K.L.:
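Quick one: this structure, given as C-alpha cells, is what I'll be asking you about.
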Amino acid sequence: MLLIDVARVSEEVARTSSRLGKIRLLAELLGRVEAAESEIAIAYLSGELPQRQVGVGYRSLADLPDPKQVATMTLTEVDALLSRIKALSGAGSQAGRRALVAELFAGATSQEQSFLLRLLTGELRQGALNGVMVEAVAQASGAPAAEVRRALTLRGWLPAVGRAALFGGVEALRAFRIEVGRPVSPMLAQSAPSVTAALERIGGEAALEWKLDGVRVQVHRSGEAVTAFSRTLDDITAQVPELVEAVRALPYDDLILDGEVIALRPDGRPQPFQVTASRVASRTDVERARRETPLSVFFFDALRLCGADLLDLPGAERHAALADAVPEALLTPRLVTADPAAGEEFFTEAVRRGHEGVVVKSPHTPYTAGRRGAGWIKVKPRHTLDLVVLAVEWGSGRRRGKLSNLHLGARDPRTGGFVMLGKTFKGLTDELLEWQTRRFLELADGPADGWVVRMRPEQVVEVAFDGVQRSPRYPGGMALRFARVLRYRHDKRAEEADTVDSVRALMP
DNA sequence: TTCCGACAGTGGGGTCGCAAT
DNA sequence: ATTGCGACCCCACTATCGGAA
C-alpha cells in the first residue's frame, strides 16, 4: 500500500466530524491493506510509529526538501527508513539522521510530507487515535469491539491486535492472553472534588487508598526474571533495583503486580515528586543514585498471582489475593468504608502526612485496563490564588487565532512588580477564549504579532493548582503545579492580587 | 428528548541523556 | 562546560459524538 493512500484517508478523517464516519473511512482502508503492512497502517492512522519514537521532533523538521509530484513510496519503504533513522546513534549521528529525514521527505508529495510531519511530531489531529481505531478494527474484521478491546488490554499494542483481528478474526483475538513479561495497559482513574462525592459516585462501600506522588510501576515475575514497566509500558527494570529485589524476595514466582515507587525521606514523609522522578529517570549510575535517594515500593493491585489471572475478578477479591501474597509493609495504606466522615478523615490524614490525596476504588469493578472507568476515582486537595496575567501566547490547532496560554504572576510587594510563576491554558471555555482574545489585545503592551503578546499587568485571574514546586526556570524559584483557570476576577485590581509571599508559604 | 460516558485535543513543569557547540 | 533537543515522568480541563436512559 502507498503512503499516499494512508495520507488521503487521514485527511478525510480529519474533515469528517462524525465519529462513525471516521470509523467507516478507517475501516474501509483496513479492508484493503495486506497483512505485512497492516501494522504500519494501523499505527500511522492512530498517530503512532511502529518504532514508537525515532529521535526526530519538531525542531529537526524545520526545513524540508521540495516535495515530489508523483506519490510512489510504499508503507514498507517509509517504515524501513524510519527504522534506519532510529538506529542511528553516536558521533555524527545528527547529520546522518538529518540526511535520512531529508531523503524521506524528498521522496514524498506535499500531501505526504504534511502527513509525515504531523505523524512525527505527534500532532496528527485527525480526531482519531486508539479509541476510534479500535472501533475501525472491529468493523473491518467483523469482530466485536469488546473482543478487540480485551485483546488490546492484554497485548498493549493495537497494531498487533488489529493485524490478528483482520487476518485471524475473533479466534485470533481470543488467543491473546495475559503473558508474564509483557505489559498490560494500566487501569486509570477519574477524579472527584471530594471523598464524599467519590463515594457517592461509587455507591456504598469503597476502598480508599493513599495516592502516593511517585511513579507508577507494573512488575512482572517469572521464576527469577523480574521486569518493571512504566505507565507508558516502557521497561524501567534497570532503574528500580529496589523494586526488583523486593519482588524477588516474595515467595511467589509467577505474578504481575501494580504499584507505585516513591522516594521517602528518612522520617517516612515523601520527597517532592521531582526527586522521585529524577531518581527513576537516572540510568547512568543507578547504584550511586540508589545510595543517595533510595526508592520504596507500595503495591495496590494484583493482575496475576500463582499462575492465575485476576484481571476479571472484582477489586475486593484482587486486593485480598494481593494482601495474602505481599507483606503489609509493601501495601499501600487502605481503608474500606461506606462512611463519608471516615473517608474524609482518612483523606485529611493522608494529606497531612504529605501525600497527594487518595484513590477511591469500587470493590466490584474488574481491572479495566486502559480506560478511565468509574472504578477508580482520585481525590486531591486544591489550592487557589488570584494572580495577574503578564502575557499570553497565541494558540494552535483548534485554538489558532485565539490568545490561549496565560503567563501568570504574583505581586511582589517589595518591588511593586510581578513575579512569573508559570503558565496555563486549562479551564478555558470557547466563550472565555473569545473574550480574552479581545480583552488581551486591548491590554497588549507592544507588538501582538509574535508568539508571545506582552500585556499591561492589569487582569486578575483566579487560578486553581495542586501545589508549589521548586523551579530552576522562573525568577522566584517557584512554579505552580497543574495550574488551571477558575474565573476572571473583574472585581479585583492587580494591586489586590496575591503576593509571592503567600505562594512561598505553600512551598513544602 | 435529554443525559452522560468515552475520546481527542491543547498544552503545563521538570528531568535525564545525548550530540553539537 | 553549556545548550538544544527528544523523550517521558507527573497531569487538568473542555468540546464533541453517539449510545443510554
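Chain naming here is simple, since letters A, B, ... match the order of the sequence lines and numbering starts at 1 in each. Both backbone and side-chain heavy atoms feed into the values below; hydrogens, waters and symmetry mates do not. Only a predicted model underlies this, so the values are computations on that prediction, with no experimental measurement involved.
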K.L.:
Taking the nucleotide of DNA chain C with the nearest heavy atom to each, does A/Arg399 or A/Glu260 sit closer to the 5' end?
P.N.:
A/Glu260
K.L.:
With A/Glu135, which of A/Arg24, A/Arg149, A/Arg19 fulfils salt bridge (charged side-chain N to carboxylate O under 4.0 Å, His left out)?
P.N.:
A/Arg149
K.L.:
Using a distance-only test with no angle check, is there a side-chain donor-acceptor pair under 3.5 angstrom linking A/Asp79 and A/Gln51?
P.N.:
yes
K.L.:
For the residue pair A/Trp435 and A/Tyr488, categorise the inter-ring angle as parallel (less than 30°), tilted (30 to 60°) or perpendicular (more than 60°).
P.N.:
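Geometry flag for A/Tyr488 against A/Trp435: tilted rings.
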K.L.:
I'd like to know whether the aromatic ring centres of A/Phe298 and A/Trp210 sit less than 6.0 Å apart in this structure.
P.N.:
no
K.L.:
Can you see if the side chain of A/Arg473 gets near the phosphate of B/dG13 - specifically, an N or O under 4.0 Å from OP1 or OP2?
P.N.:
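Answer yes for this pair, as a side-chain N or O of A/Arg473 is under 4.0 Å from OP1 or OP2.
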K.L.:
Produce a footprint string for nucleotides 15-21 of chain C: one letter per nucleotide, 5' end first; B if the base is under 4.0 Å from any protein heavy atom, S if only the sugar-phosphate is, - if neither.
P.N.:
SBBSS--
K.L.:
Does a side-chain N or O of A/Thr424 approach OP1 or OP2 of B/dG11 to a distance below 4.0 Å, or not?
P.N.:
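Answer no for this pair, as no side-chain N or O of A/Thr424 is under 4.0 Å from OP1 or OP2.
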K.L.:
Are any of A/Lys378's side-chain N or O atoms less than 4.0 Å away from OP1 or OP2 of C/dA12?
P.N.:
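Affirmative; the distance criterion is met.
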K.L.:
Looking only at side-chain N and O atoms, does A/Glu344 offer a donor or acceptor that is under 3.5 Å from a partner on A/Thr196?
P.N.:
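The criterion, which ignores hydrogens and geometry beyond distance, is satisfied for A/Glu344 and A/Thr196.
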K.L.:
Hey, is the side chain of A/Ser278 poking within less than 4.0 Å of OP1 or OP2 on B/dC16, counting only N and O atoms?
P.N.:
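For B/dC16, OP1 or OP2 has a side-chain N or O of A/Ser278 closer than 4.0 Å.
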K.L.:
CG of A/Leu406 versus C1' of B/dT10: gap in Å, rounded?
P.N.:
13 Å
K.L.:
Calculate the interatomic distance between A/Glu135 atom CD and B/dA6 atom P; express it in whole Å.
P.N.:
12 Å
K.L.:
Tell me: CG of A/Leu158 to C1' of B/dA8, nearest whole Å?
P.N.:
15 Å
K.L.:
So what is the end-to-end bend of the helix from B/dA8-C/dT14 to B/dT21-C/dA1, with 5 pairs used at each end and the value given to 10 degrees?
P.N.:
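Nearest ten degrees gives 20° for this helix.
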K.L.:
What does A/Lys86 touch in the nucleic acid at a heavy-atom separation under 4.0 angstrom: a base, only the sugar-phosphate, or nothing?
P.N.:
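A/Lys86: no heavy atom of the nucleic acid under 4.0 Å.
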K.L.:
Quick one, give me the B/S/- string for nucleotides 4-9 of chain C, reading 5' to 3', where B means a protein heavy atom under 4.0 Å from the base and S means that only happens at the primed atoms, P, OP1 or OP2.
P.N.:
-SSSSB
K.L.:
Would you kindly check if the NZ (Lys) or CZ (Arg) of A/Arg481 is within the cone defined by 45 degrees around the ring axis of A/Phe273 and under 6.0 Å from the six-membered ring centre?
P.N.:
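Ring-cation test returns yes.
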K.L.:
B/dG12 phosphate, OP1 or OP2: any side-chain N/O from A/Asn405 under 4.0 angstrom?
P.N.:
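Affirmative; the distance criterion is met.
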K.L.:
Assign A/Lys22 to base, sugar-phosphate, or nothing according to its heavy-atom contacts below 4.0 angstrom with the strands shown.
P.N.:
nothing
K.L.:
Tell me what A/Gln126 touches on the nucleic acid: a base, only sugar-phosphate, or nothing, going by heavy atoms under 4.0 Å.
P.N.:
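Sugar-phosphate: the residue A/Gln126, judged by heavy atoms under 4.0 Å, touches backbone atoms but no base.
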